[in-house]
Participant: 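Got a structure for you, written out below as structure tokens; questions coming shortly.
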Protein chains: 2
Amino acid sequence: MISPAQFFKCLSDDTRLRCITLLQQEGKLCVCELTTALELSQPKISRHLASLRQCGLLLDSREGQWVFYQINPSLPDWTTPLLVNALQAVQSTESFKIDLQRLKKMANRPDSALCC
Amino acid sequence: MISPAQFFKCLSDDTRLRCITLLQQEGKLCVCELTTALELSQPKISRHLASLRQCGLLLDSREGQWVFYQINPSLPDWTTPLLVNALQAVQSTESFKIDLQRLKKMANRPDSALCC
DNA sequence: TATTAATATACGGATAATCATATATAAAAA
DNA sequence: TTTTTATATATGATTATCCGTATATTAATA
């Protein structure tokens, strides 16, 4: 089970924090959607997602060629308010406005909020 | 001003997390009190307190030979619920029970909750 | 089967974090 | 003034983190 210190380490990097924030907003996203939305390289996103998966913070599920990530719904209770407040903190400080509408226009698969 | 990622990095280490938790419970403690309460070396505690001070999370104030630390009361608003929830998380997961009564018996100065 | 698209991982380098130990500094006490 | 107490910091070693680049893997498509 994840410890508080481990949990905070997961949130201690901008890329991870932005991934988690997007996943909390959108529910489920594949790697290429996060890559597009955050304008970062695919290996960089994949590595951070892998570390969050290894900590138990995220779950992954393959659907064909895509691998979708979501926040693990079975996290310990004490993480819930922290994730909610972390999301609010990120949004209240960074100009963290992903233009989701623009990205939706680029979508090439129906079930996806963003593109690949 | 501290960023969310920086803030979470401050909370990503057990020693720092325990210092912050104790300071939140007790208000103001000197280095030797934290050293005694957490049973860790003085340089280790001092180094972590210095890093938290440099991030703006803690304030220090010298009183004679003692240096007291406290949580900076002027932190941005978004940090307040996070600190409260972090404290609860630490207490709900770790067997983080400092025997304050025992430590008070060792006190050798009236204004201090713990000893030196 | 060959190719493409999506994802993961290995590799090497750069930087940061952490610690134990030793030493420096500052204030109080002898 | 010497010593003691409390605290800070320097040093060197070890380990961890982060990244770009290259490559491997998996599934879909031509």
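Letters go in sequence order (proteins before strands), and every chain restarts at 1.
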Participant: At 4.0 Å (heavy atoms only), tell me whether A/Arg62 reaches a base, stays on the sugar-phosphate, or touches nothing.
Facilitator: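 Sugar-phosphate contact only - A/Arg62 comes under 4.0 Å of backbone atoms but never of a base.
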Participant: Nearest whole Å is fine: how far is D/dA6 C1' from B/Leu34 CG?
Facilitator: 13 Å
Participant: Within the 3.5 Å criterion, strictly below it, is a donor on B/Ser46 or B/Gln42 matched to an acceptor on the partner's side chain?
Facilitator: yes
Participant: Can you tell me if the side-chain N/O atoms of A/Lys9 get under 4.0 Å from OP1 or OP2 in D/dT17?
Facilitator: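 For A/Lys9, the contact criterion (side-chain N or O under 4.0 Å from OP1 or OP2 of D/dT17) is met.
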Participant: Looking at C/dA8, D/dT7, C/dA20, which one has an atom nearest to any side-chain atom of B/Lys44?
Facilitator: C/dA20
Participant: Side-chain N or O of A/His48 less than 4.0 angstrom from OP1 or OP2 on D/dC19?
Facilitator: yes
Participant: Can you tell me the distance, in whole Å, between the CG atom of A/Asp13 and the C1' atom of C/dT15?
Facilitator: 14 Å
Participant: Which nucleotide in the list D/dA8, C/dA8, C/dA20 gets nearest to the side chain of B/Ser41?
Facilitator: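 The answer is C/dA20.
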Participant: Over how many whole Å does the gap from A/Asp14 atom CG to D/dT17 atom C1' extend?
Facilitator: 15 Å
Participant: For the CG atom of A/Asn72 and the CG atom of A/Leu75, what is their distance to the nearest 0.5 Å?
Facilitator: 4.5 Å
Participant: With A/Arg62, which residues qualify under salt bridge (charged side-chain N to carboxylate O under 4.0 Å, His left out), at least two apart?
Facilitator: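 For A/Arg62 there are no salt bridge (charged side-chain N to carboxylate O under 4.0 Å, His left out) partners, ignoring immediate neighbours.
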Participant: Given atom CZ of A/Phe68 and atom C1' of C/dA5, what is their separation to the nearest angstrom?
Facilitator: 14 Å
Participant: For the side chain of A/Cys32, starting at C-beta, report the closest nucleotide among C/dT21, C/dA6, D/dA22.
Facilitator: C/dA6
Participant: Are any of B/Arg16's side-chain N or O atoms less than 4.0 Å away from OP1 or OP2 of C/dT18?
Facilitator: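 Checking C/dT18 against B/Arg16, a side-chain N or O does come within under 4.0 Å of OP1 or OP2.
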Participant: To the nearest 0.5 Å, how far apart are CZ in B/Phe8 and CG in A/Asp14?
Facilitator: 11.0 Å
Participant: Looking at the side chain of A/Gln65, which of C/dA6, C/dT18, C/dA28 is the nearest nucleotide?
Facilitator: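 The answer is C/dA6.
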Participant: Can you tell me how far C1' of C/dA17 sits from CD of B/Gln54, to the nearest Å?
Facilitator: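 Roughly 13 Å, once rounded to whole Å.
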Participant: Assuming nearest nucleotide by heavy-atom distance, tell me which of A/Gly64 and B/Ile45 is located more 5' along DNA chain D.
Facilitator: B/Ile45
Participant: From the options C/dT18, C/dT9, C/dA6, select the nucleotide whose nearest atom is closest to the side chain of A/Trp66.
Facilitator: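 Out of C/dT18, C/dT9, C/dA6, the nucleotide with an atom closest to A/Trp66's side chain is C/dA6.
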Participant: Among C/dC19, C/dT7, D/dA8, which is the nearest nucleotide to the side chain of A/Cys30?
Facilitator: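 Nearest to the side chain of A/Cys30 among the choices is C/dT7.
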Participant: From CZ of B/Arg47 over to C1' of C/dT23, roughly how many Å is that when rounded to an integer?
Facilitator: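 Atom CZ in B/Arg47 sits about 14 Å away from atom C1' in C/dT23.
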Participant: Can you tell me the distance, in whole Å, between the CG atom of A/Leu40 and the P atom of C/dA8?
Facilitator: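 Taking CG of A/Leu40 and P of C/dA8, I get 15 Å after rounding.
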Participant: Should B/Tyr69 be listed as having a side-chain N or O under 4.0 Å from OP1 or OP2 of D/dA6?
Facilitator: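 Checking D/dA6 against B/Tyr69, no side-chain N or O comes under 4.0 Å of OP1 or OP2.
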Participant: As an exercise, state the distance from CG of A/Leu38 to NZ of A/Lys44, rounded to the nearest 0.5 Å.
Facilitator: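 Output value for this atom pair is 10.0 Å.
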Participant: Is it the case that D/dA8 (base atoms only) and B/Gln42 (side chain only) share a donor and an acceptor within less than 3.5 Å, ignoring hydrogens and angles?
Facilitator: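 Such a pair exists between side chain and base.
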